[in-house]
> 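Before I ask anything, here is the structure I am working with.
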Amino acid sequence: MRGEDLENRGGGTGEVKSRANNGSYSISSSSYMIDDSETRWTSWLVPVFVVANVAMFVVAMYFNNCPKHNPGTCVARFLGRFSFESLKLNPLFGPSSSTLERLGALEWTKVVQKHQGWRLVTCIWLHAGVIHLVANMLSLVFIGIRLEQQFGFVRIGVIYLLSGFGGSVLSSLFIRNNISVGASGALFGLLGAMLSELITNWTIYTNKGAAMITLLVIIVINLGLGILPHVDNYAHIGGFLTGFLLGFVLLPRPQFGWLDQRNLPAGIPVKTKYKAHQYVLWFISIVLLIVGFIVALVMLFRGENGNDHCPWCHYVTCVPTSRWNCDKN
């Protein structure tokens with residue numbers, strides 16, 4: 001069903017595929033790292049991202065103007081033009097799908113047939129409702145600020161934006177009948193980068209097993225929640241894979257004690273900045289990122305349907321049960 005049906009045109013009901021995060025990302029790799037003399041950055045980019053997402057939601061509600069388009073069905077009418085759509089149309093307390101689509105939601109027809117590729121980026125800054133927005137922004141604050149403090153705004157900003165883009169590309173390859181919005185692809189990218197950062201910097205960590213198990217549990221729980229209806233798990237997986245590879249490229253740490261070698265007398269053998277496995281993982285990840293994005297974008301703009309190449313992949317985003325039918329979600 002098309003997303004426009006959310007405005008009850010013709011009596012139908014439609015929906016938005018929200019990229020919702022229902023788990024917690026509060027783990028930080030800094031808890032497990034050996035203390036060293038690296039610079040600790042001040043986090044300012046992640047708060048800017050939070051403000052930008054909140055501002056975009058306010059803009060979406062302003063343009064939605066429920067009392068004008070659907071009088072009598074709005075929720076929280078005291079908010080005036082910022083009141084929410086009927087909960088039957090949007091249970092997340094937000095605007096209609098047609099408003100989201102106007103403002104840049106991800107929709108296959110517009111991206112491929114109408115050449116609006118910019119939607120692969122704009123959809124990251126839109127949210128389906130207050131619940132969707134709050135869940136994502138809390139996750140961004142918990143995981144993003146600590147990562148930015150450790151690695152700086154440039155590297156974390158690149159991971160966030162490219163992961164969001166990667167999630168949008170994979171989502172577009174598989175979802176054609178619904179619109180999709182949300183920052184969850186970018187958030188899963190940060191989570192994937194945490195995992196690869198732990199792997200590539202394995203030798204400088206203490207409590208490695210506890211860190212790995214905790215991260216894997218969080219990843220499995222959040223990806224598992226993506227099989228519920230109304231959730232775009234393709235965006236989660238695409239963002240996670242992109243962030244995972246980018247972590248090997250952008251987040252390797254120098255060998256322990258490497259900085260201290262500048263004070264060693266001449267003639268004493270000096271360690272390389274990074275270990276051999278870090279260089280190998282860096283090279284493999286660069287190749288996979290370039291090839292993966294090229295192949296995915298070519299397939300997308302040629303109009304190919306990912307489900308034709310992977311008939312079982314639809315189960316990763318919705319598993320049918322006696323309580324819901326995935327064909328309708």
> Could you tell me whether Phe153 and Trp44 have their ring centroids closer than 6.0 angstrom?
yes
> Could you tell me whether the side chain of Phe293 reaches within less than 4.5 Å of the side chain of Thr242, counting heavy atoms only?
yes
> Where do Pro67 and Arg81 come nearest, in terms of heavy atoms and distance?
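Taking Pro67 first and Arg81 second, the nearest heavy atoms are CD-CA, 3.9 Å.
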> Is there a donor-acceptor contact under 3.5 Å linking the side chains of Thr99 and Asn64?
yes
> Would Asn178 and Glu107 count as having a side-chain donor-acceptor pair, cut-off 3.5 Å?
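Side chains of Asn178 and Glu107: no pair found under 3.5 Å.
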> Show, in sequence, the C-alpha distance, side-chain angles and deciding distance for Trp282 and Tyr274, and conclude whether the side chain to side chain contact (heavy atoms under 4.5 Å, CB included) test is met.
CA-CA 11 Å; Trp282 181 91; Tyr274 300 106; over 6 Å; no
> With the side chain counted from C-beta on, respond yes when Ile237 and Leu170 share a heavy-atom pair under 4.5 Å apart, and no when they do not.
yes
> Determine whether the side chains of Tyr205 and Glu197 contain a donor N or O and an acceptor N or O closer than 3.5 Å.
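Short answer, yes.
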> Can a donor-acceptor pair be found, under 3.5 Å and without considering hydrogens, that links the side chain of Thr317 to the backbone of Asn233?
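Checked: pair present.
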> Could you work out, with side chain to side chain contact (heavy atoms under 4.5 Å, CB included) as the rule, every residue matching Lys68, not counting sequence neighbours?
Asn65
> Supply the atom-to-atom distance Ile286 CD1 to Leu281 CG, rounded to the nearest 0.5 angstrom.
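CG of Leu281 is found 12.0 Å from CD1 of Ile286.
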> Tell me, do Phe57 and Pro95 make a side-chain contact under 4.5 Å, heavy atoms counted?
yes
> Does the side chain of Val75 reach to within under 4.5 Å of the side chain of Glu85, using non-hydrogen atoms?
no
> Give me the atom names and distance for the closest heavy-atom approach of Pro252 to Leu250.
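Closest pair (atom of Pro252, atom of Leu250, distance): CD-C, 3.3 Å.
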> Does the Ser83 side chain pair with the main chain of Arg77, one donor and one acceptor, at a distance under 3.5 Å?
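No, because the side chain of Ser83 does not come within donor-acceptor range (under 3.5 Å) of the backbone of Arg77.
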> To the nearest 0.5 Å, what is the distance between CD1 (Ile175) and CG (Leu106)?
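Answer for the CD1-CG pair, Ile175 versus Leu106, is 8.0 Å.
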> I want to check something: taking the side chain as every heavy atom from C-beta on, are Met194 and Leu215 in contact at a cut-off of under 4.5 Å?
yes
> Give me the atom names and distance for the closest heavy-atom approach of Ser196 to Gly243.
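Here Ser196 and Gly243 meet closest at OG-O, 4.0 Å.
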> Take Leu162 and Leu246, measure what side chain to side chain contact (heavy atoms under 4.5 Å, CB included) needs, and give me the verdict at the end.
CA-CA 9 Å; Leu162 284 183; Leu246 284 171; 3.7 Å; yes
> Indicate yes or no for a side-chain donor-acceptor contact from Thr122 to the backbone of Gly104 under 3.5 Å, with no hydrogens or angles considered.
yes
> Can you give me the closest heavy-atom contact between Thr200 and His277, atom names plus distance?
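In terms of heavy atoms, the two residues are closest at O-NE2, 3.1 Å.
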> I would like to know whether Trp108 and Asn177 meet side chain to side chain contact (heavy atoms under 4.5 Å, CB included); could you show each step before the answer?
CA-CA 8 Å; Trp108 182 86; Asn177 300 321; over 6 Å; no
> Would a single hydrophobic cluster contain both Tyr315 and Val220, if residues Ile, Leu, Val, Met, Phe, Trp and Tyr are joined by side-chain heavy-atom contacts under 4.5 Å?
no
> Please find out if less than 6.0 Å separates the ring center of Phe188 from that of His236.
yes
> Working to the nearest 0.5 angstrom, can you tell me the gap between Thr109 OG1 and Ile179 CD1?
12.0 Å
> Please step through side chain to side chain contact (heavy atoms under 4.5 Å, CB included) for the pair Leu195 and Phe240, ending with a clear verdict.
CA-CA 10 Å; Leu195 180 60; Phe240 176 81; 4.0 Å; yes
> Regarding Gln116 and Arg119, do their side chains bring together a donor and an acceptor under 3.5 Å, going by distance alone?
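Judged by distance alone, the side chains do pair up.
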> Do the side chains of Val51 and Leu147 join up, straight or via other hydrophobic residues, at under 4.5 Å, putting them in one cluster?
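Cluster IDs for Val51 and Leu147 differ.
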> Would a 4.5 Å heavy-atom cut-off, applied to side chains only, mark Glu148 and Trp41 as touching?
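Side-chain contact under 4.5 Å: no.
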> Once you round to the nearest 0.5 Å, how far does CG of Leu241 lie from CG of Leu288?
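Those atoms lie 10.0 Å apart.
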> Looking at residues at least two apart in the chain, or sitting in another chain, which of them share a side chain to side chain contact (heavy atoms under 4.5 Å, CB included) with Ser285?
Leu245, Phe248, Val249
> Search all heavy atoms of Leu120 against all heavy atoms of Ser172 and return the closest pair with its distance.
CD2-OG, 3.6 Å
> Could you tell me which non-hydrogen atom of Met299 sits nearest to which non-hydrogen atom of His309, and how far apart they are?
CE-CD2, 3.7 Å
> What residues, two or more places apart in sequence or in another chain, satisfy ring pair (Phe, Tyr, Trp, His ring centres under 6.0 Å) together with Phe174?
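Residues passing ring pair (Phe, Tyr, Trp, His ring centres under 6.0 Å) with Phe174: Tyr234.
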> Is there a donor in the side chain of Arg155 and an acceptor in the side chain of Gln150, or the other way round, less than 3.5 Å apart?
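There is no such pair (donor and acceptor under 3.5 Å, judged by atom type) between the side chains of Arg155 and Gln150.
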> Can you confirm whether more than 12 heavy atoms, excluding those of Tyr279, are under 6.0 Å from its OH atom?
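It does: Tyr279 OH has more than 12 such atoms within range.
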> What distance do Leu251 atom CG and Ile159 atom CD1 have between them, rounded to the nearest 0.5 Å?
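Leu251 CG to Ile159 CD1: 4.0 Å, rounded to 0.5 Å.
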> Start with the C-alpha gap between His314 and Asn307, add the side-chain angles, then the distance that decides, and say whether side-chain hydrogen bond (donor to acceptor under 3.5 Å, both in side chains) holds.
CA-CA 7 Å; His314 62 279; Asn307 295 290; 5.1 Å; no
> Let me check something: do Trp118 and Val59 share a hydrophobic cluster, defined by ILVMFWY side-chain heavy atoms less than 4.5 Å apart, either directly or through other members?
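No, Trp118 and Val59 fall in different hydrophobic clusters.
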> Other residues, nucleotides and ligands only: do more than 12 of their heavy atoms fall within 6.0 Å of CZ on Phe301?
yes
> Considering only heavy atoms from C-beta outward, does the side chain of Leu190 approach that of Leu140 to under 4.5 Å?
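Heavy-atom side-chain distance check passes, below 4.5 Å.
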> With a 3.5 Å distance limit and no angle check, can you tell me whether Asp232 reaches the backbone of Ser180 through a side-chain donor-acceptor pair?
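No.
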> Taking the side chain as everything from C-beta on, heavy atoms only, tell me whether Leu225 gets closer than 4.5 Å to Val231.
no
> Out of curiosity, Leu198 CG to Leu216 CG, how far, rounded to the nearest 0.5 Å?
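Separation between the atoms: 8.5 Å.
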> Does a side chain donor of either Ser96 or Asn90 reach within less than 3.5 Å of an acceptor in the other side chain?
no
